[in-house]
**Q** 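Have a look at the structure that comes next, please.
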Amino acid sequence: MHDPRVLLDPATDAVRKLSRRGFALDLAYLEKVLSGRNAAIRRGDEARAESKRLSTAVKGATPEERPALVQASRDLKTTVTEADEEHKRHDAELTEFLLGVPNLPADELPDGASDADAELVRTWGEPLTAEGARDHVELGESVGILDLARATKLSGPRFAVLCGRGPALERALSRYFLDVATGQHGYTEFSVPTLVNRETMTGTGQLPKFEQDLFRTGVADRDLFLIPTAEVPLTNLHARETLAAEDLPLAYTAHTPCFRSEAGSYGRDTKGLIRLHEFSKVELVRLVRPEDSRAELELLLGHAETVMQSLGLAYRVVKLAAGDIGFSAEVTYDIEVWLPGQGAYREIASASDFGSFQARRAGIRTKAKDGTRGFAATLNSSGLPIGRTLVALLEQGQQPDGSVRIPEVLVPYCGFDSLVPA
RNA sequence: GGAAGCGUGGCAGAGCGGCCGAAUGCACUCGCCUUGAAAGCGAGCGUCACGAAAGUGACCGGGGGUUCGAAUCCCCCCGCUUCCGCCA
């Protein structure tokens, strides 16, 4: 959520910035609601101040003057009530409006609205495709770790069952990712709820605009949502708290299931592990000082890249176009892993700088030693998703003999160094 | 699910319907003292909103109500604690 004054400040250039992501900001409406709200606050405060003075006067009043004072005070109450109601009404309008305004894309982002407009940052490893390379579905079934037909029986499309050495590999990946995050990169691990309330979803920006992307439960008159990523509970851990500025940055990680409705992606990635309603992921979240956020994003991206490199996975990093970044983001890098089976780079991780956009919504404040107050900045990145990493391991690790080589770093975790056809 | 009790500032803990944004202690900040530290002494020390500022207003779990006036009285809700039941 934005500070309305900042949006209205011509120096912010909000209208132009938001137009780059296709959002038309109605500054006149914002101005009208904000000034209406502020005027109502003033009227209410002034009437209340007068009413307080009268109340004090009632005490020392003689019996003769008392009724007049009481009556005057009663009359003022109407003014107060009316002003308060107007204040409330405008406040609700203002909040509703602001909650729907996306974050301002950074100027450094390329123009455009699709992944084709992203800017190539760097490439790591060789995008090799052997003759007759197979995709992960074929490979996964061939080496006996994937059973998509039974998953469909259990839950319908966009679910997966892992079997054979698959579950052990999955477990190895999540443990490895967490060990790197906590051991090498200084993240603190949490175990968090995967069912969260509306307020929490609003804090990170999933609500109110993107309810159709979420799985919702309405059991026993509760109103809870399944998290689409651990970003939601991790970032909101400090919602409505004030953090000591000198304690920042905070670096958090968690391995959780993630649930996405994938509304609007009919027909895309319909087979395999690429796009599921339920998958699991290790997520990295950083709460930092706003002035550090851009540098922190590079650091965070580096953490995700380190894991990719240690697995020996060829990938490239792209900076998303202004019209392609998420609602809450200012800058987003995608890490795209090379998939020989598709002959294409596909998104495996996404690292974003949200500036103070989420912190304002969630009320994550900071206080410096000298008493200066402000909002934190938040960032997150996958670190990494289990399913898509498995896809990449299968496709990049496939051997001419039909087996799949497991990266060395994982062997101590899973206990085998290859998958062989059943 | 049943019963009882409790929700006040970072913590602890006072608070006759007006003099309470709120005593006191601890913690914290600055200073004095000290070779240094502790102790001691002095001063300061909540958040938010409106306002250029002076200042004004709001906030004692949340929301309503009574009253000229509510932390204090009434109602509803939420949370927590303890006991019982149930359960992983």
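Throughout, a chain's letter reflects where its sequence line sits, starting with A, and its residues are numbered from 1. Excluded from the calculations below are hydrogen atoms, water molecules and symmetry mates; all remaining heavy atoms, backbone and side chain alike, are included.
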**Q** Provide the start and end nucleotides, 5' to 3', of the part of RNA chain B that has atoms under 4.0 Å from heavy atoms of chain A.
**A**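 Both ends considered, the range comes out as B:G18 to B:G69.
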**Q** Counting only Watson-Crick pairs (N1-N3 plus N6-O4 or O6-N4) and G-U wobbles (N1-O2, O6-N3), all under 3.5 Å, who is the partner of B:C16?
**A**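 Pairing partner: none.
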**Q** What residues in residues 47-56 of chain A put a non-hydrogen atom under 4.0 Å from any atom of RNA chain B?
**A**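 Correct list: A:R48, A:A49, A:K52, A:S55.
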**Q** Just list the side-chain donor-acceptor pairs under 3.5 Å for residues 413-421 of chain A, sequence neighbours left out, or say none.
**A**
from, atom 1, to, atom 2, distance (Å)
A:Y413, OH, A:D179, OD2, 2.6

**Q** Distance from A:H303 atom NE2 to A:S382 atom OG, nearest 0.5 Å?
**A**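 One gets 14.5 Å once the value is rounded to the nearest 0.5 Å.
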**Q** With a 3.5 Å distance limit and no angle check, can you tell me whether A:T95 reaches the backbone of A:A92 through a side-chain donor-acceptor pair?
**A**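 The answer is no, because no donor-acceptor pair under 3.5 Å joins these two groups.
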**Q** Pairing check on B:A71: which nucleotide meets the Watson-Crick or G-U wobble criteria with it, both distances under 3.5 Å?
**A**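 B:A71 is paired with nothing.
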**Q** Taking a pair as Watson-Crick or G-U wobble with both distances under 3.5 Å, which nucleotide is matched to B:C33?
**A**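 Across any shown strand, B:C33 pairs with none.
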**Q** Could you measure between the two C1' atoms, the one in B:G44 and the one in B:G63, and give it in whole Å?
**A**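 These two C1' atoms come out 36 Å apart once rounded.
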**Q** Any salt bridge between A:K88 and A:D91, counting N to O under 4.0 Å?
**A**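 Salt bridge absent between A:K88 and A:D91.
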**Q** What interatomic distance, in whole Å, is found between P of B:U29 and the corresponding atom of B:A38?
**A**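 Looking at atom P only, B:A38 and B:U29 are 11 Å apart.
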**Q** Please give the distance between the C1' atoms of B:G15 and B:C83 as a whole number of Å.
**A**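 It comes out at 31 Å once rounded to the nearest Å.
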**Q** For B:C76 and B:C84, measure between their C1' atoms and round to the nearest Å.
**A**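 Going atom to atom, C1' in each nucleotide, I get 27 Å.
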**Q** Taking the same atom, P, in B:U67 and in B:U72, what whole-Å distance lies between them?
**A**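 One P to the other, the span is 16 Å.
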**Q** Pick the nucleotide of RNA chain B nearest each of A:K88 and A:E46; which residue has the one closer to the 5' end?
**A**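 The 5'-side residue here is A:E46.
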**Q** In residues 71-87 of chain A, what residues come within less than 4.0 Å of RNA chain B, judged by heavy atoms?
**A**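 Under 4.0 Å from RNA chain B: A:S73, A:R74, A:K77.
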**Q** Would you say A:K17 and A:L25 make side-chain contact, with heavy atoms under 4.5 Å?
**A**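 SC-SC contact between A:K17 and A:L25 ruled out.
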**Q** Salt bridge between A:R20 and A:D111, side-chain N to carboxylate O under 4.0 Å?
**A**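 Yes, this pair counts.
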**Q** Measure from the side-chain N and O atoms of A:D117 to the backbone N and O of A:A321, and report whether any donor-acceptor pair falls under 3.5 Å.
**A**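 Absent.
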**Q** So what's B:C6 paired with, Watson-Crick or G-U wobble, going by both distances under 3.5 Å?
**A**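 With both distances under 3.5 Å, B:C6 matches B:G79.
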**Q** Under 4.0 Å between any heavy atoms, over every strand shown, what does A:I41 touch: base, sugar-phosphate, or nothing? Just pick one.
**A**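 The answer is sugar-phosphate, as A:I41 gets under 4.0 Å only of primed atoms, P, OP1 or OP2.
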**Q** Please report the distance separating the C1' of B:G57 from the corresponding atom of B:C78, rounded so that it comes out in whole Å.
**A**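 Looking at atom C1' only, B:G57 and B:C78 are 27 Å apart.
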**Q** Could you tell me whether a side-chain N or O of A:R260 sits under 3.5 Å from a main-chain N or O of A:R275, the two making a donor and an acceptor?
**A**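 Pair absent, no side-chain N/O of A:R260 close to backbone of A:R275.
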**Q** Hey, which of these two, A:R373 or A:R42, hits RNA chain B nearer its 5' end, going by closest nucleotide?
**A**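 By nearest-heavy-atom nucleotide position, the 5'-most residue is A:R373.
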**Q** What I'd like to find out is whether the side chain of A:D84 reaches to under 4.5 Å of the side chain of A:T81, using heavy atoms alone.
**A**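 Sidechains of A:T81 and A:D84: no contact.
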**Q** Please report the distance separating the P of B:C6 from the corresponding atom of B:G10, rounded so that it comes out in whole Å.
**A**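 That atom pair is separated by 23 Å.
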**Q** Whom does B:C86 pair with, Watson-Crick or G-U wobble, provided both distances fall under 3.5 Å?
**A**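 Partner of B:C86: none found under 3.5 Å.
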**Q** Apply salt bridge (charged side-chain N to carboxylate O under 4.0 Å, His left out) to A:R388 and A:E336, showing your working.
**A** CA-CA 10 Å; A:R388 288 193 182 180; A:E336 300 182 333; over 6 Å; no
**Q** For RNA chain B, determine which residues of residues 356-368 of chain A have any heavy atom closer than 4.0 angstrom to one of its atoms, and list them numerically.
**A**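 Here the set is A:R365, A:K367.
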**Q** Tell me the closest heavy-atom pair linking A:L146 and A:H136, and the distance in Å.
**A**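 Where A:L146 meets A:H136 most closely, the heavy atoms are CD2-O, 4.1 Å.
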**Q** Name the pairing partner of B:G46, where a pair is Watson-Crick or G-U wobble with both distances under 3.5 Å, or state none.
**A**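 The base-pairing partner of B:G46, which may sit in any strand shown, is B:C59.
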**Q** Tell me every residue that passes ring-ring contact (aromatic ring centres under 6.0 Å, His included) with A:Y315, counting only those two or more places apart in sequence or in another chain.
**A**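 By the ring-ring contact (aromatic ring centres under 6.0 Å, His included) rule, A:Y315 matches A:W124.
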**Q** Check whether the side chains of A:S114 and A:D324 place a donor and an acceptor atom closer than 3.5 Å, and report yes or no.
**A**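 No donor-acceptor contact under 3.5 Å links the two side chains.
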**Q** Determine, stepwise, if the pair A:D223 / A:R216 fulfils salt bridge (charged side-chain N to carboxylate O under 4.0 Å, His left out).
**A** CA-CA 7 Å; A:D223 189 22; A:R216 180 181 170 194; 2.8 Å; yes
**Q** Work out how far the C1' atom of B:A12 is from that of B:G64, and round it to whole angstrom.
**A**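 That atom pair is separated by 32 Å.
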**Q** Does a side chain donor of either A:T378 or A:Q358 reach within less than 3.5 Å of an acceptor in the other side chain?
**A**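 Yes, because at least one side-chain N or O of A:T378 sits under 3.5 Å from a partner of the opposite role on A:Q358.
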